[in-house]
Structures are given as C-alpha cells and as structure tokens.
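Computed from heavy atoms alone, side chains included, the values below leave out hydrogens, waters and symmetry copies. We number each residue from 1, following the sequence as shown.
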Amino acid sequence: MSVGVQSKVPATVMVVDDSATKRYLLVSWLTRAGFAVLEAETGGEALDKLVDAEADLVVLDVKLPDMSGFEVCERIKTDQRYGVLPVIHVSAHAVDVNDRTQGLNRGADAYLVEPIEPDELIATAQAVLRYYRARRRAEQLAERMVRLAETTLAINSARTLTDLLAAAAEGAQDIFGGPVVVVAETSEGESLAAAGQPARVRPWTVPEHGVAVGSLVRTDEPADWDMVDWPAGDTVAVAAARLRADRPPVYVAAPASTQNPGFPVLRQLSQAVAAAVEAQRSFDEEHRIAVTLQRSLLQSELPKVPGVELAVRYEPAGAQTEVGGDFYELTVLGGELLVAIGDVAGHSLHAATVMAELRHAVRAYAVEGHPPGEVLELVNRFMRTVLPDDSATLCLLTLDPVTGRIRMASAGHLPPLVHTDGEARFLSPRGALLGIAAPRRAELEFTLPPGGTLVLYTDGLIERRDTDIDVGLRALSAIAGEVEPDLDAFCSRLLTLLAGPGEQADDIAVVALRRNA
C-alpha cells in the first residue's frame, strides 16, 4: 500500500518463499508484530502480484524455483511499475560473503542469513521502513516545494482577486492531492472562497476565529468547512495568515492527513496567498479611488438644449489598468452648444489630473468668446507653458441649435463621424496634437441637418493592440450606419459591439448629439 506522509496504517509486507514451512514462520512473526502480510511462492508470482498489490516491503528468499531472488530484486528495483519498494533478502543457502555482497549490489536493502531470530527480522523490517518513509517524506516535501513555487508564480500573475483565489485553490489541490479551500476578503469586505479543479469562486464566510498578525495552523472539523467533501474520518488543517492588524486573514484548508510534519508547505502557501491578496486588495483600492476621482472630474449632468438630443458614455479601463486621461465637455455658452472630447497621453493619476486642467482651460477660454480654433491655440500655449512634458488630443466644436451650423477644430483627435440621410461618413478636421509647436489648427464649418447625428469618441472605442486602427474605424462606420431613435441605446450598442465583453485595455469616451427633425 502507499503510505501517506503521516499515515498510521500498518505496513504491508509481501513474503516470497517456496517453502511453506518457512513462509508460515515469517508470516506469523510479521503478523504478530502488527504487519499486514501477502504471500507468494515463486518470483514470477511475486512480480505479478506486486503490480496491483499495495505493498510497502518485500521479504524475499534468495533461492526460488523459477528464478533467483537476486533477479527478482533487480527487477523490482528497475521496473517503474513497482515504485520505490524496499527488499530484505533471507537465505539458508546463499550465506557466504559473496552471496551477501551480490544481493546488496543488486538492490537489496538488507540481507539476513538463516536461522533468523524473530526479533532480528522485525527490527530489520522496521529499520528499512523507517528509512524509506523518511526518504519518501523528503522526496515528497521537495516535490511539494517545487509545486509551491509554481503556484506562487501563478497567484502573483493573476489579474484579479477571483483569478488569484482560483489559481491558489487549483495549485494547492495539485500540491496536496486532495480537496482544498482558499478564503480571502475583497477590498470591499466580501469574503470569497475558491475550491475545486477547476476552481469555482463564490461568497463564503469562514467560521469566526481570532487570528493575530502572523500565521498559524489549526485543526478544524469538516463540518466547519462544508464547501467540499472531505475524506471520511479526516480532520481539516487550516493555515491562517494575516499580514496587518487592520486586514482580515487569508485561509488555506486541506485534509490533515495530507500534511507534512509541522505543516511547512501549507504554512508557506498561506503566507504566499496572503501577500498576493494584500497586494491585489491594495491595488483594487487605489484603482477604485483613482476611478472615483476621475469620474468626479468628468461632467455629471448634461445641459438641456432645445432641439438637440445628447448622449454620452464613459467606461474606465479594466481593473488592471491605471486610470487614463479621456474627458468630454458639453455646455451652453451664448446660446450655442460647446462640445469637447479629448485624451491626455498616458495612464496614471497624473494623466487624470492633466485631463482636469485641460477641461477647465477649454471652458475658460470658450467663456471668453474665442472660436474653436482659437481656443485650441490658447490651450496649446497653456500646455506648453504649464505642462511642457504632456501632450493630448482634443476635438472642439460649437453648434447653433437653431441653424445646425457647426464650427469644429481638432488637435490630433480621431475624426468625428456624422450620420445623415442613412449614411455614415467621417469628417476630417486637421491639426497637430496639443503640447507641441505647430501651425494654427484650421476650423471646419458645416451644417448638421435636422435628424443628423454627430459622434465623437476616444481611441479606446476602436483601437486594439492586435489590429490596425483602420479596422476599428471601418467597424465603427458600419455599426453607425444605423442610428436608433434613442441615442442612449445607440451609444450602448457602439460600446457592446466595438469594445466587446471583458475588460478593455483603454478608457472609452463617446459623445453623440442629434438635431431633432
């Protein structure tokens, strides 16, 4: 049988001897000493039985009718089907030095010469088993440490806390070879547990236990961890790791019977998970704060403009991306609607701060009565003076809601799209991006007819790392070939079809306006 790391099950010994009398004696002595015993009369029978039998030790006579015990031992030691199996030779005939030397050289772990005393046989068997079990524990510990390193890499490579817990649970189950539960709290205080292969993550709360800063391993009852089916009659070893007093602990629970003495792997795994969870929670908190700040800098309420329908969408990048500098502005000045959309280079809290400064600068210069082209020149001068290390794109326009007259200027921003008479086309206002010395940005003038729709957007809507931007522009043009009566529904469809499911790599801002027919 396969003995576990801390197994208390008696060892199983196979006795191989063609003499029924001698075999009876050996079996009797071993049985009285607490061993379970299997029997075989020949070398071939022993080799056949060992393929399926869960033996821990072979007591092997040297002289057998079909082959020598030396050959049987050699085949046991070299055939992977038998695993690492210790062999004790016994013999009443091959008793000289050469015989004993040959037996040991061909793989035997001990050599007993008959007549054998019962105590000598039992002591030798126990000594050989102690060595093999200690060797097995060392090999298993080394193997588990390798898998622990692989699991630690996986959890530190996870993009979200859910992925982290799933990687920890799957890695731990691979390490210990049994059911495992990993529990941690999110930055919002929700307790999540991962278990299974592949792991499933769901809300679950750990039974209350006081855990100080540091790590400990305790033994719980399976009923306290009823997320999984534990081995019958086993208890649950629970490693709890807590890095800070103001943070909840992380738990890793595994069957107690699978653990090494002192729980070194379980303890280290819980500490690795705790460190990764702490880093993930801190990042999630910082990202949430940054996104909240970014949203607070954006316009919270759209102006009411008679004769014009407005809709906007803003979607921050995925949780693993820093906040960006996408922004928009819609306001009414002197009876005209001012619309701006822009994107500050970079993804950071600094980019969001620059975005806020640009937005306020645009409004300030527009309030002074400057047309779009002049506003861009003034904003560019402001950036080169106050923010010389930054750059941004910006598209700015004014709309007369009565006549539909639009004056537009662009500083390196993506071309707006206009939908009229059932067709979508891109406009081409041209100008260098903000933050560099460049000729004056020219203005584009045109009239948006009743029923016409204008769409402005940032690159997160159409740009993908693995495709050319022209592919995204063509997709936008095709999707915008039809505009819903409800502009909000139209914007939602744009994001659904262009951004797709999952986390996007960049912020997305979309502004749509339509003159009522």
Side-chain angles (χ1 to χ4, degrees), residues 298-314 327-342 358-379 393-411 413-431 440-458 461 476-477 479-494 509-517:
L298 295 172
Q299 196 167 352
S300 59
E301 186 175 349
L302 299 182
K304 304 296 183 182
V305 184
V308 179
E309 184 182 353
L310 301 173
V312 298
R313 284 290 185 278
Y314 173 77
F327 69 96
Y328 58 86
E329 174 69 26
L330 297 95
T331 189
V332 177
L333 298 174
E336 291 189 327
L337 174 65
L338 175 74
V339 180
I341 189 166
L358 289 188
R359 178 175 168 234
H360 294 315
V362 167
R363 285 198 297 182
Y365 291 130
V367 166
E368 293 179 354
H370 301 289
E374 184 65 27
V375 170
L376 290 188
E377 296 308 309
L378 294 169
V379 172
T393 65
L394 176 63
C395 184
L396 180 67
L397 66 89
T398 57
L399 166 66
D400 185 334
V402 177
T403 65
R405 175 174 175 264
I406 288 179
R407 296 179 68 180
M408 176 184 293
S410 177
H413 201 76
L414 292 166
L417 182 141
V418 63
H419 180 276
T420 56
D421 299 326
E423 294 184 357
R425 62 185 176 89
F426 290 106
L427 302 173
S428 56
R430 300 188 181 279
R440 180 183 178 89
R441 283 86 178 165
E443 287 189 1
L444 173 67
E445 293 192 23
F446 65 98
T447 298
L448 184 67
T453 301
L454 185 66
V455 182
L456 300 97
Y457 52 93
T458 57
L461 182 68
L476 171 60
S477 178
I479 294 171
E482 180 182 351
V483 180
E484 284 85 344
D486 183 353
L487 272 190
D488 282 322
F490 170 65
C491 290
S492 296
R493 183 165 63 91
L494 288 183
V510 178
V511 176
L513 61 91
R514 176 168 57 204
R515 283 190 72 201
N516 293 333

For this session: Return each pair, listed once, that meets side-chain hydrogen bond (donor to acceptor under 3.5 Å, both in side chains) where at least one residue sits in residues 414-427; pairs must be two or more places apart or across chains.
Result: none

Problem set entry | Shortest non-hydrogen separation from L487 to E309 and the atoms involved | N-OE2, 3.2 Å

Exercise. So, the side chain of R515 versus the backbone of V402: is there a donor-acceptor pair under 3.5 Å, distance only?
Worked result: yes

For this session: Let me know which of L358, L376, V375 forms a side-chain contact (heavy atoms from CB on, under 4.5 Å) with L394.
Result: L376

Problem set entry | Minimum heavy-atom distance between P416 and C395, given as atom pair plus value | CG-SG, 3.8 Å

For this session: Give me the ring orientation class for Y457 and H413: parallel if the planes are under 30° apart, tilted from 30 to 60°, perpendicular past 60°.
Result: tilted

For this session: May I ask you to decide if A340's main-chain N or O and R359's side chain share a donor-acceptor pair within less than 3.5 Å?
Result: no

Exercise. Where do Y314 and A509 come nearest, in terms of heavy atoms and distance?
Worked result: CD1-CB, 4.3 Å

Exercise. C491 and A311: which non-hydrogen atoms are nearest, and at how many Å?
Worked result: SG-CB, 3.9 Å

For this session: Please list, chain by chain and in numerical order, all residues satisfying side-chain contact (heavy atoms from CB on, under 4.5 Å) with T331, sequence neighbours excluded.
Result: E329, L333, L338

For this session: Taking the side chain as every heavy atom from C-beta outward, state whether I406 and L454 have any pair of such atoms under 4.5 Å apart.
Result: yes

For this session: Begin from the C-alpha positions of E443 and R407 and carry the test salt bridge (charged side-chain N to carboxylate O under 4.0 Å, His left out) through to its verdict.
Result: CA-CA 6 Å; E443 287 189 1; R407 296 179 68 180; 2.8 Å; yes

Problem set entry | Check: P429 main-chain N/O paired with R441 side-chain donor or acceptor under 3.5 Å | no

Exercise. Where is the tightest heavy-atom contact between P303 and L310, given as atom of each residue plus distance?
Worked result: O-CD1, 3.6 Å

Problem set entry | P371 and T398, any side-chain heavy atoms less than 4.5 Å apart | no

For this session: Return the minimal non-hydrogen interatomic distance between T453 and L448, and the atom names on each side.
Result: N-CD1, 4.0 Å

For this session: Working to the nearest 0.5 Å, report the span between CG of L337 and CG of L397.
Result: 7.0 Å

